Amino acid sequence: QVQLVESGGDSVQTGGSLRLSCAASGYMTSTYCMAWFRQAPGKEREGVAAIYSGSSTITYADSVKGRFTISQDTDKNTLYLQMHSLKPDDSAVYYCAARTSYTTPSLRLSASEYNYWGQGTQVTVSS
């Protein structure tokens with residue numbers, strides 16, 4: 001079992017920055033994939049960024065490339081999402097997710113690939 005706890009969500013103005021954190025605990029295999037997803041009211045859950053342990057390969061959604069950065073501190077078992085140049089469209093509940101096995105790069109932003117989820121943290125960007 002893996003437990004994930006997100007933090008760092010807040011309300012900011014357009015153009016602002018936030019850093020989300022996801023503390024992981026429990027049993028994590030040496031091969032894993034961790035990701036950030038978001039879900040706005042009335043919309044499907046959207047993959048934002050993912051990082052694969054084997055090669056530290058990183059995948060970003062086109063909508064956040066150049067603005068968001070995913071990273072991890074393996075000593076602290078913590079996943080981060082640094083967000084810059086925030087827009088109102090970035091407003092959503094942000095979820096941390098983990099998968100304790102390999103998945104192909106093309107699927108790393110698919111919610112169905114992940115079996116562990118945090119409770120979410122709200123990000124609100126006002127214009």
Side-chain angles (χ1 to χ4, degrees):
Q1 289 287 334
V2 176
Q3 294 79 43
L4 304 171
V5 179
E6 303 96 332
S7 61
D10 206 344
S11 296
V12 297
Q13 293 190 331
T14 297
S17 298
L18 280 175
R19 187 177 81 158
L20 305 183
S21 300
C22 172
S25 61
Y27 178 71
M28 182 67 83
T29 57
S30 59
T31 299
Y32 60 86
C33 192
M34 295 192 74
W36 288 98
F37 287 79
R38 66 186 181 186
Q39 189 165 20
K43 294 188 177 180
E44 292 188 357
R45 193 164 295 191
E46 172 192 22
V48 174
I51 186 165
Y52 171 58
S53 64
S55 59
S56 295
T57 304
I58 291 175
T59 306
Y60 291 105
D62 288 343
S63 58
V64 304
K65 281 180 181 177
R67 301 189 299 123
F68 291 11
T69 302
I70 188 172
S71 63
Q72 60 181 347
D73 184 330
T74 54
D75 290 338
K76 296 181 179 179
N77 293 326
T78 302
L79 183 73
Y80 301 100
L81 185 69
Q82 179 68 56
M83 305 185 292
H84 295 296
S85 302
L86 284 162
K87 309 173 183 178
D89 284 349
D90 295 319
S91 297
V93 177
Y94 282 71
Y95 298 91
C96 175
R99 174 188 171 96
T100 53
S101 61
Y102 175 83
T103 185
T104 59
S106 62
L107 296 178
R108 288 175 189 163
L109 294 182
S110 296
S112 61
E113 293 294 300
Y114 293 83
N115 47 352
Y116 297 103
W117 293 87
Q119 83 289 349
T121 186
Q122 178 71 49
V123 172
T124 302
V125 184
S126 59
S127 57

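Only a predicted model underlies this, so the values are computations on that prediction, with no experimental measurement involved.
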- Taken to the nearest 0.5 Å, the spacing of Y102 OH from E113 CD works out to 10.5 Å
- Task: Flag yes if more than 12 heavy atoms outside E44 fall under 6.0 Å of its CD atom; otherwise flag no.
- Result: no
- Flag side-chain contact, heavy atom, 4.5 Å: I51 against T57: no
- Message: Using side-chain heavy atoms (C-beta onward) and a distance below 4.5 Å, is Q39 in contact with Y94?
- Response: no
- Query: If you measure only the distance, is there a donor-acceptor pair under 3.5 Å linking the side chains of R99 and S101?
  - Reply: yes
- Query: Taking all non-hydrogen atoms of both residues, which atom of Y95 and which atom of G118 are closest, and how far apart?
  - Reply: CD2-O, 3.6 Å
- Are Y52 and Y80 grouped together when hydrophobic residues (ILVMFWY) are joined by side-chain heavy atoms under 4.5 angstrom apart? no
- With sequence neighbours left out, write down each residue that passes ring pair (Phe, Tyr, Trp, His ring centres under 6.0 Å) with F37, or none if nothing qualifies. Y114, W117
- Query: Is M83 linked to V12 within one hydrophobic cluster, defined over Ile, Leu, Val, Met, Phe, Trp and Tyr using a side-chain heavy-atom separation of less than 4.5 Å?
  - Reply: yes
- Query: If you take all heavy atoms of R38 and F68, which pair is closest and at what distance?
  - Reply: NH1-CE2, 4.0 Å
- Message: Closer than 3.5 angstrom, by distance alone: can the side chain of R108 be matched with the main-chain N or O of T103 as a donor-acceptor pair?
- Response: yes
- K87/D90 salt bridge by N-O under 4.0 Å criterion: no
- Message: In this structure, would V93 and L20 fall into the same cluster of hydrophobic residues linked by side-chain contacts under 4.5 Å?
- Response: no
- Message: Strictly distance-based, threshold 3.5 Å: is any side-chain N or O of S17 a donor or acceptor partner for the main-chain N or O of H84?
- Response: no
- Message: Ignoring hydrogens, what is the shortest heavy-atom contact between A61 and G47? Give both atom names and the distance.
- Response: CB-O, 3.3 Å
- Message: If only side-chain N and O atoms count, and only distance matters, is there a donor-acceptor pair under 3.5 Å linking Q13 with S126?
- Response: no
- Query: With a 4.5 Å heavy-atom cut-off, do L18 and Q82 have their side chains touching?
  - Reply: no
- Query: Which pair of non-hydrogen atoms, one from T100 and one from Y116, has the smallest distance, and what is that distance?
  - Reply: CG2-CE1, 4.0 Å
- Message: Any heavy-atom pair between the side chains of Y60 and T69 that's under 4.5 Å?
- Response: yes
- Message: Donor-acceptor pair, distance only, cut-off 3.5 Å: does the side chain of S91 make one with the backbone of T124?
- Response: no
- Message: Grouping I, L, V, M, F, W and Y whenever their side-chain heavy atoms are under 4.5 Å apart, do Y32 and I58 come out in a common cluster?
- Response: yes
- Can you name the nearest heavy-atom pair linking Q72 to L79, along with the distance? CB-CD1, 4.2 Å
- If only atom types and distance count, is the side chain of S106 paired as donor or acceptor with the main-chain N or O of T104 below 3.5 Å? no
- Note on the structure: Between L81 and A49, the two heavy atoms sitting closest are CD1-CB, 4.3 Å
- Query: Does any pair with a residue in residues 9-20 pass salt bridge (Lys or Arg N to Asp or Glu O under 4.0 Å), and if so which ones, sequence neighbours excluded?
  - Reply: none
- Message: Check for me, please, whether V48 and V123 land in the same ILVMFWY cluster - side-chain distances under 4.5 Å, paths through other members count.
- Response: yes
- Do side-chain atoms of E6 reach the backbone of C96 as a donor and acceptor pair under 3.5 angstrom? yes
